[in-house]
Amino acid sequence: DTGVSQDPRHKITKRGQNVTFRCDPISEHNRLYWYRQTLGQGPEFLTYFQNEAQLEKSRLLSDRFSAERPKGSFSTLEIQRTEQGDSAMYLCASSLRQYNEQFFGPGTRLTVL
Amino acid sequence: DQQVKQNSPSLSVQEGRISILNCDYTNSMFDYFLWYKKYPAEGPTFLISISSIKDKNEDGRFTVFLNKSAKHLSLHIVPSQPGDSAVYFCAASLTSGTYKYIFGTGTRLKVLA
């Protein structure tokens with residue numbers, strides 16, 4: 001399967017713990033996006049990478065959140081000191097520079113107890 | 001500030017009939033619009049898109065109409081099939097910059113057999 005993959009698919013953690021999610025984009029896609037979706041809402045933009053450079057971060061991305069894309073391939077999203085309000089589906093998407101359509105992974109569902 | 005709105009949270013249609021899903025946006029700078037379909041426990045799947053230089057784009061049973069003066073777009077599905085039952089999100093983006101998407105809140109379509 002050559003689609004976008006995300007790991008883990010589900011994560012349950014206790015408040016205050018740190019969590020890290022991984023996204024593997026479609027090979028050769030140079031653009032990578034993270035979105036967050038809560039119940040009853042559409043996905044909301046968090047951050048964007050072009051190759052290894054993080055070019056935009058939403059104000060939704062507090063200082064407890066950090067994202068990386070070393071070597072311009074896979075990406076990680078880390079949340080430190082998780083709060084119950086962080087419970088959501090975290091979606092990763094990738095695209096080729098010359099096309100606008102983004103391809104989404106299955107998401108990581110985070111539950112903070 | 002909800003820049004992209006889907007005012008109908010749900011829609012039920014008989015199999016074989018037309019489904020019409022609506023979306024409104026407020027930012028006149030948006031120049032590219034997309035529709036995504038989402039099944040439970042999966043990421044959004046790209047359906048169809050339209051550039052602001054067009055007013056209609058068709059792909060098989062799916063047609064998207066764009067009315068720039070009204071800042072309104074709609075997705076028509078003809079004929080509707082039970083497999084079309086899903087949550088549909090419209091999204092808007094700017095083709096300059098990061099191409100990030102601004103999503104609506106979604107419309108749950110149920111096609112009745």
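Residue numbers start from 1 in every chain, and the chains themselves are labelled A, B, ... in the order their sequence lines are given, proteins ahead of strands.
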Next item on the list: Mind ranking A:R109, A:Q37, A:E44, A:Q6 by heavy-atom pairs under 4.5 Å with chain B and telling me who comes out on top?
Entry: A:Q37

Check: Same cluster or not: are B:Y32 and B:Y36 linked, directly or through other Ile, Leu, Val, Met, Phe, Trp or Tyr residues, by side-chain heavy atoms under 4.5 angstrom apart?
Finding: yes

Checklist line | Same apolar cluster (I L V M F W Y, side chains within < 4.5 Å links), B:L73/B:V4 | finding: yes

Margin query: With a 6.0 Å cut-off (strictly less than), is the heavy-atom count around CG of B:L112, excluding the residue itself, greater than 12?
Written below: yes

Check: Cluster question for you: counting only ILVMFWY and a side-chain heavy-atom cut-off of under 4.5 Å, with indirect links fine, are B:L11 and B:L75 together?
Finding: yes

Next item on the list: Would you give the length of the straight line joining atom CG of A:L46 to atom NZ of B:K100, rounded to the nearest 0.5 angstrom?
Entry: 11.0 Å

Check: Can you get from A:V19 to A:L113 by hopping between Ile, Leu, Val, Met, Phe, Trp and Tyr side chains that sit under 4.5 Å apart?
Finding: no

Checklist line | No-hydrogen, no-angle side-chain donor-acceptor test under 3.5 Å, A:Q50 and B:Y99 | finding: no

Next item on the list: Answer with side chain, backbone, both or neither: which region of A:Q41 has an atom nearer than 4.5 Å to a non-hydrogen atom of chain B?
Entry: both

Next item on the list: Working to the nearest 0.5 Å, report the span between CZ of B:F46 and CZ of A:F103.
Entry: 7.5 Å

Notebook entry, point to check: How close do B:F89 and A:G42 get, heavy atom to heavy atom, and via which atoms?
Noted result: CE2-CA, 3.5 Å

Notebook entry, point to check: Does A:R64 CZ have over 12 foreign heavy atoms under 6.0 Å away?
Noted result: yes

Checklist line | Reported OG-to-CD distance for the pair B:S49 and A:Q102, which is rounded to 0.5 angstrom | finding: 11.5 Å

Check: Is the CD atom of B:Q14 crowded by more than 12 outside heavy atoms at less than 6.0 Å?
Finding: yes

Note to self: Below 30° counts as parallel, above 60° as perpendicular, anything between as tilted: where do the rings of B:F103 and A:F104 land?
What the structure shows: perpendicular

Item checked: B:Y101 vs A:Y35, side chain to side chain contact (heavy atoms under 4.5 Å, CB included): CA-CA, chis, key distance, verdict -> CA-CA 9 Å; B:Y101 291 170; A:Y35 293 83; 3.5 Å; yes

Check: What's the spacing between A:E101 CD and B:I48 CD1 if we round to 0.5 Å?
Finding: 10.5 Å

Next item on the list: Determine whether A:F65 and A:V112 fall in the same hydrophobic cluster, where Ile, Leu, Val, Met, Phe, Trp and Tyr are linked whenever their side-chain heavy atoms lie under 4.5 Å apart.
Entry: yes

Notebook entry, point to check: For the residue pair A:L91 and B:G43, what are the closest heavy atoms and their distance?
Noted result: CD2-CA, 4.2 Å

